[in-house]
Amino acid sequence: QVQLVESGGGLVQPGGSLRLSCVASGSIIVRILTMAWYRQAPGKEREFVASISSGATTNYADSVKGRFTISRDNAKKTVILQMNSLKPEDTAVYYCNVGSDFWGQGTQVTVSS
């Protein structure tokens, strides 16, 4: 019954910003779980982007440090990825992950002029 629904993807020019949201529902206690974002570009393996623990400790891939910010709202069962200064190499399908075991369906982010 657990479901993760991402939103906020789209087409943006280099240097622009997007805000991705992932809302969890069903039999899951979000407040005790790590929440994370991964991405997969065409022809590449899925890679880690950012995570935030139940204690709000954050981790980022080196490629996005200083540009992306992950946050969470346990009351709303939501994890956010704020993406600034976007580059063409950020183009990928972005996936929400909660508690390691649960994945969203993905949302497309395309950075192009």
Side-chain angles (χ1 to χ4, degrees):
Q1 192 178 341
V2 175
Q3 185 176 6
L4 305 179
V5 179
E6 300 105 331
S7 63
L11 175 64
V12 65
Q13 294 184 343
S17 298
L18 285 173
R19 181 181 175 91
L20 305 184
S21 297
C22 173
V23 180
S25 63
S27 301
I28 184 169
I29 306 176
V30 169
R31 65 178 176 83
I32 67 171
L33 301 174
T34 293
M35 307 178 81
W37 290 93
Y38 289 74
R39 67 187 182 187
Q40 187 167 23
K44 300 188 68 176
E45 295 184 352
R46 188 172 298 185
E47 66 175 353
F48 171 80
V49 176
S51 67
I52 182 165
S53 73
S54 61
T57 298
T58 58
N59 291 101
Y60 297 93
D62 288 342
S63 59
V64 307
K65 285 181 179 177
R67 300 189 297 121
F68 292 10
T69 302
I70 189 170
S71 60
R72 65 190 292 159
D73 185 334
N74 291 334
K76 297 180 179 179
K77 298 182 179 180
T78 299
V79 60
I80 302 294
L81 186 68
Q82 178 66 47
M83 305 185 295
N84 299 324
S85 302
L86 284 162
K87 305 174 181 180
E89 52 262 44
D90 295 318
T91 295
V93 177
Y94 283 70
Y95 296 91
C96 177
N97 175 270
V98 178
S100 299
D101 297 329
F102 302 103
W103 295 88
Q105 293 180 296
T107 184
Q108 177 71 47
V109 171
T110 302
V111 184
S112 177
S113 59

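The shortest distance between side-chain heavy atoms of Lys77 and Ser25 does not fall below 4.5 Å. Side-chain contact between Val64 and Arg39 is present, with heavy atoms from C-beta onward closer than 4.5 Å. Within the 4.5 Å cutoff, no side-chain heavy atoms of Lys76 are placed close to those of Ser21. By the 4.5 Å heavy-atom criterion applied to side chains, Val98 and Val2 are not counted as neighbours. Between Arg72 and Val30 the shortest side-chain heavy-atom distance falls below 4.5 Å. Phe68 is listed as a side-chain neighbour of Leu86, based on a closest heavy-atom distance under 4.5 Å.
By the salt bridge (charged side-chain N to carboxylate O under 4.0 Å, His left out) test, Lys44 pairs with no residue at all, sequence neighbours left out. Annotation: salt bridge (charged side-chain N to carboxylate O under 4.0 Å, His left out) contacts of Asp101 (sequence neighbours excluded): none. With sequence neighbours excluded, the residues that form a side-chain contact (heavy atoms from CB on, under 4.5 Å) with Ser112 are Leu11, Thr110. Under the salt bridge (charged side-chain N to carboxylate O under 4.0 Å, His left out) criterion, Arg67 pairs with Asp90, sequence neighbours left out.
Cluster membership check: Val5 does not share its hydrophobic cluster with Tyr94, using side-chain heavy-atom separations under 4.5 Å among Ile, Leu, Val, Met, Phe, Trp and Tyr. Under the 4.5 Å side-chain heavy-atom criterion for Ile, Leu, Val, Met, Phe, Trp and Tyr, Val109 and Val23 are members of distinct hydrophobic clusters. Linking Ile, Leu, Val, Met, Phe, Trp and Tyr whenever their side-chain heavy atoms come within less than 4.5 Å leaves Met35 and Ile80 in two separate clusters.
The line from CG of Leu20 to CD of Gln82 is 8.5 Å long, rounded to the nearest 0.5 Å. Note that CD of Gln3 is 10.0 Å distant from SG of Cys22, once rounded to the nearest 0.5 Å.
Checked by atom type and distance alone, the side chain of Asn84 never pairs as donor or acceptor with a backbone atom of Gly16 at under 3.5 Å. When atom types are taken as modelled, the side chain of Glu6 and the backbone of Gln105 share a donor-acceptor pair closer than 3.5 angstrom.
For Leu81 against Ala50, the heavy-atom pair with the smallest separation is CD1-CB, 4.2 Å. In this structure, Val111 and Thr91 approach most closely via the heavy-atom pair N-OG1, 2.9 Å. The heavy-atom pair separating Ala41 from Ala92 by the smallest distance is N-CB, 3.8 Å. Here the closest non-hydrogen pair linking Ile52 and Ser71 is CD1-CA, 4.0 Å.
Annotation for Glu89: atom CD counts as buried by contact number, over 12 foreign heavy atoms lying within 6.0 Å.
Taking a 4.5 Å side-chain heavy-atom cut-off between Ile, Leu, Val, Met, Phe, Trp and Tyr, the cluster of Phe48 extends to Tyr38, Val93, Tyr95, Trp103.
Sorted by first then second residue, the salt bridge (charged side-chain N to carboxylate O under 4.0 Å, His left out) pairs that include residues 12-26, not counting sequence neighbours, number zero.
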